[in-house]
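In what follows, a single structure is set out as structure tokens and then discussed.
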Amino acid sequence: MKKSLKQWIGVGTTAVMAATVLAGCGSTANTAQPSTQPSAGAAATANAKPFAGKTISLVTANHPWADAIKPLLPDFEKETGIKVNVESFFEDQLTQKLTVQFTSGSATPDVFMYRPLQEGKLFYKNGWVQPLDDYAQKAKDYDFNDFSKSAIGSTTVESKLAGIPIITEQEILYYRKDLLQKAGIAVPKTLDELNAAVKKLHDPKNEMYGFVARGQRSPLVTQVSSFLYSEGADFTTSEKASINTPEAIKAFTTYGTLLKDYAPPGVLNMSWPQAFGIFAQGKVAFLTDANSLYQNATDPAKSKVADQVGFAVFPGGKAGSKPYSITSWGLAMNAKSGNKDATWAFIQWATSKDVVLKTQQKGNPGARASVWDKPEGTTGFPAELVPIIKESAKTGVDHDRPTVISVGEARDAVGEIVQKVMSGETNLQPVADKANQALQTIIDKDKTR
């Protein structure tokens, strides 16, 4: 640990040099001019900790990444002299706490976990986060280009880096190896092949269903996004709502029809816990959802088919395979923090190659390509899943929902289209047109904030 800390913070040089490096990263550190004459205190200065006596506040979600980083904090504190005070909250409590504190102009927390695609645009537009472009691009030995392009895309707002990725996620295809083998079916590589395989394996009389995924109006939106992109569509095009195009309607129809015709009863009320639950009971052949949730299917304590679960890249449509590949959690700096240099030192350390390796070994999928390319960086994941994650990160899209401030309203608008398909609606164009207008109104409202 000490060696890696020296590499990124300049420990082992002088305190002045360390401060100068950080100043070059866009900080406002005050640096004293070094004396040209040797002094009795020179040796002590050379070994000084760059931020001795500084304290920063870190707020995290109750999340496995936080559990992995906390035991590593003493190493960071020892090498830098920075004391890190940590508070953790459930997701909804976290958002509420941050919103209340930032609205009041609080200088704390200095650094915090956040969901870029849920709160990122709101936090940025309100001036609550410090853009990190200069810090990240100029930081010594940080290798910012090592982060996947899609992960950085998720944390970028209006061409500014609002945060640094810590947890990534992609949509993949889960399938039952034994069922496919018995039926002589190859793993589907296209949506057409998926449809055919689902239809062949669907046997509701024997409580075997072809397909399951999220059917609830809002939760389904993130998962239908990969269908959307793979057909060559998106939620918006050139800042205009585009969920009523022929390509979009085809994607919504495909997803909705799979759930209407081949899913278990009650799918309209299913989010991921219910979808994974029935898959784990051995009653479904195919499931599309986030790779981060794989343990719900492979943990023998939760799954009756744990040893028969396969993973595959999301099936391709007209535009090929384009799953979402996003940053689900990032680290951001409070724009009003009074300790920006020390805060960046923490972010730089927590997202460095060495620390990402350690947190990823605990099962937290990071955003650094170099860590995924190391055998020791993949030990926290099933061997069969690793190449699927790597491939998905290369071809994926950096968002899984409309990138707006009023995310909840936007998701409801999109989800309505799919639920109409699930309910048997065949004339989808008027439904999509109405939803598209609702989304456009949300987009226009964002521009006035």
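These figures come from a predicted structure and were not determined experimentally. What you see below is based on every heavy atom in this structure, not just the backbone, and it leaves out hydrogens, waters and symmetry mates.
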Might you work through the side-chain hydrogen bond (donor to acceptor under 3.5 Å, both in side chains) test for Asn436 and Gln440, ending with a clear yes or no? CA-CA 6 Å; Asn436 198 70; Gln440 186 61 50; 5.6 Å; no
Could you check Arg115 against Thr95 for side-chain hydrogen bond (donor to acceptor under 3.5 Å, both in side chains), going step by step and ending with a plain yes or no? CA-CA 9 Å; Arg115 297 170 295 182; Thr95 301; 3.0 Å; yes
Roughly how far apart are Ser328 OG and Gln118 CD, rounded to 0.5 Å? 12.0 Å
Arg411 and Glu416: salt bridge (charged side-chain N to carboxylate O under 4.0 Å, His left out), yes or no, with the steps? CA-CA 8 Å; Arg411 289 175 70 153; Glu416 174 73 9; over 6 Å; no
As a quick check of understanding, evaluate side-chain hydrogen bond (donor to acceptor under 3.5 Å, both in side chains) for Gln295 and Lys302, giving each step before the final call. CA-CA 8 Å; Gln295 289 182 341; Lys302 300 178 181 179; 5.7 Å; no
Donor-acceptor side-chain pairing of Ser106 and Thr108 below 3.5 angstrom: yes
With a cut-off of 6.0 Å (strictly less than), are more than 12 heavy atoms of other residues, nucleotides or ligands near CD of Glu376? yes
Euclidean distance, Ile326 CD1 relative to Thr168 OG1, rounded to 0.5 Å: 8.5 Å
I'd like to check Tyr255 versus Leu228 (side-chain heavy atoms, cut-off strictly below 4.5 Å). Are they in contact? no
Taking every non-hydrogen atom, the tightest pair across Ser226 and Pro323: OG-CA, 3.4 Å
I want to know whether Tyr174 and Phe276 have ring centres closer than 6.0 Å. yes
If you take the centroid of each ring, where Trp contributes its six-membered ring, are Phe211 and Tyr262 closer together than 6.0 Å? no
Any side-chain heavy atom of Phe381 within less than 4.5 Å of one from Pro365? yes
When you check the side-chain N and O atoms of Gln274 and Arg214, is any donor under 3.5 Å from an acceptor? no
Just so I know, are the side chains of Gln130 and Lys336 near enough to count as touching, which here means a heavy-atom distance under 4.5 Å? no
Short N-O contact, Lys54 and Asp341, less than 4.0 angstrom: no
Assess the side chains of Asp92 and Gln96: does a donor N or O sit below 3.5 Å from an acceptor N or O? no
Within 6.0 angstrom of Lys362 NZ, more than 12 heavy atoms from elsewhere: no
Looking at Ala350 and Ile69, what are the two nearest heavy atoms and their distance? CB-CD1, 4.3 Å
Verify the distance criterion only: is there a donor paired with an acceptor across the side chains of Thr395 and Ser321 at less than 3.5 Å? no
One pair to check against side-chain contact (heavy atoms from CB on, under 4.5 Å): Leu194 and Asp192. What are the steps and the verdict? CA-CA 5 Å; Leu194 175 63; Asp192 287 342; over 6 Å; no
Assess the side chains of Ser337 and Asp110: does a donor N or O sit below 3.5 Å from an acceptor N or O? yes
If you round to the nearest 0.5 Å, how far is OG of Ser57 from CG of Asn334? 8.0 Å
From Ile56 atom CD1 to Asn339 atom CG, the distance as rounded to the nearest 0.5 Å: 7.5 Å
Residue pair Pro315 / Leu173: nearest heavy atoms and the distance that separates them: CG-CD2, 4.1 Å
Would you please classify the geometry between the Tyr142 ring and the Phe147 ring as parallel, tilted or perpendicular, with 30° and 60° separating the classes? tilted
Is any side-chain heavy atom of Leu98 closer than 4.5 Å to one of Pro109? yes
Any side-chain heavy-atom pair from Ile82 and Thr55 closer than 4.5 angstrom? no
So that I can tick it off, tell me whether Glu79 and Lys49 are bridged by a salt bridge, with the cut-off set at under 4.0 angstrom between side-chain N and carboxylate O. no
So, taking the atom named NZ in Lys149 and the one named OG in Ser325, what distance separates them when rounded to the nearest 0.5 Å? 12.0 Å
Do the rings of Phe346 and Phe76 sit parallel, tilted or perpendicular, given the 30° and 60° boundaries? perpendicular
So, for Tyr175 and Phe311, is the gap between ring centers shorter than 6.0 Å? no
How about Lys374: does its NZ atom have over 12 heavy atoms from other parts shown lying under 6.0 Å from it? yes
Consider only side-chain N and O atoms of Asp400 and Ser225, and report whether a donor and an acceptor are under 3.5 Å apart. no
Side chains of Gln101 and Lys97: do they bring a donor and an acceptor to under 3.5 Å? yes
Side chain proximity check, Gln348 to Tyr135, heavy atoms < 4.5 angstrom: no
Quick one: list whatever passes ring pair (Phe, Tyr, Trp, His ring centres under 6.0 Å) with Tyr114, sequence neighbours left out. none
Taking the six-membered ring for Trp, are His399 and Tyr229 closer than 6.0 Å centroid to centroid? yes
Hey, what do you get for CG (Asp412) to CZ (Arg217), rounding to the nearest 0.5 Å? 4.5 Å
Is the centre of the Phe112 ring less than 6.0 Å from the centre of the Phe102 ring? yes
Pairing of Glu193 and Lys189 as salt bridge, 4.0 angstrom limit: no
Taking the side chain as every heavy atom from C-beta outward, state whether Pro402 and Ile442 have any atom pair closer than 4.5 Å. no
When you check the side-chain N and O atoms of Arg368 and Ser352, is any donor under 3.5 Å from an acceptor? no
Closest heavy-atom contact between Asp398 and Ser154? O-OG, 2.6 Å
Between Glu158 and Lys121, is there a salt bridge with N-O shorter than 4.0 Å? no
Glu409 backbone acceptor or donor facing Ser406 side chain under 3.5 Å: no
Please report the closest heavy-atom contact between Val224 and Ala251, naming both atoms and the distance. CG2-O, 4.4 Å
Donor-acceptor pair, Glu231 side chain versus Gly317 backbone, under 3.5 Å? no
Would you say Val129 and Met333 make side-chain contact, with heavy atoms under 4.5 Å? no
Where is the tightest heavy-atom contact between Asn269 and Gln216, given as atom of each residue plus distance? O-NE2, 2.8 Å
I'd like to know if the side chain of Gln170 pairs up with that of Ser392 as donor and acceptor (distance under 3.5 Å, no hydrogens or angles considered). no
Just do the salt bridge (charged side-chain N to carboxylate O under 4.0 Å, His left out) check on Lys390 and Asp373 with the steps written out, would you? CA-CA 9 Å; Lys390 293 172 68 173; Asp373 286 339; 3.1 Å; yes
Is there a donor-acceptor pair closer than 3.5 Å between any side-chain N or O of Thr378 and the backbone N or O of Trp372? no
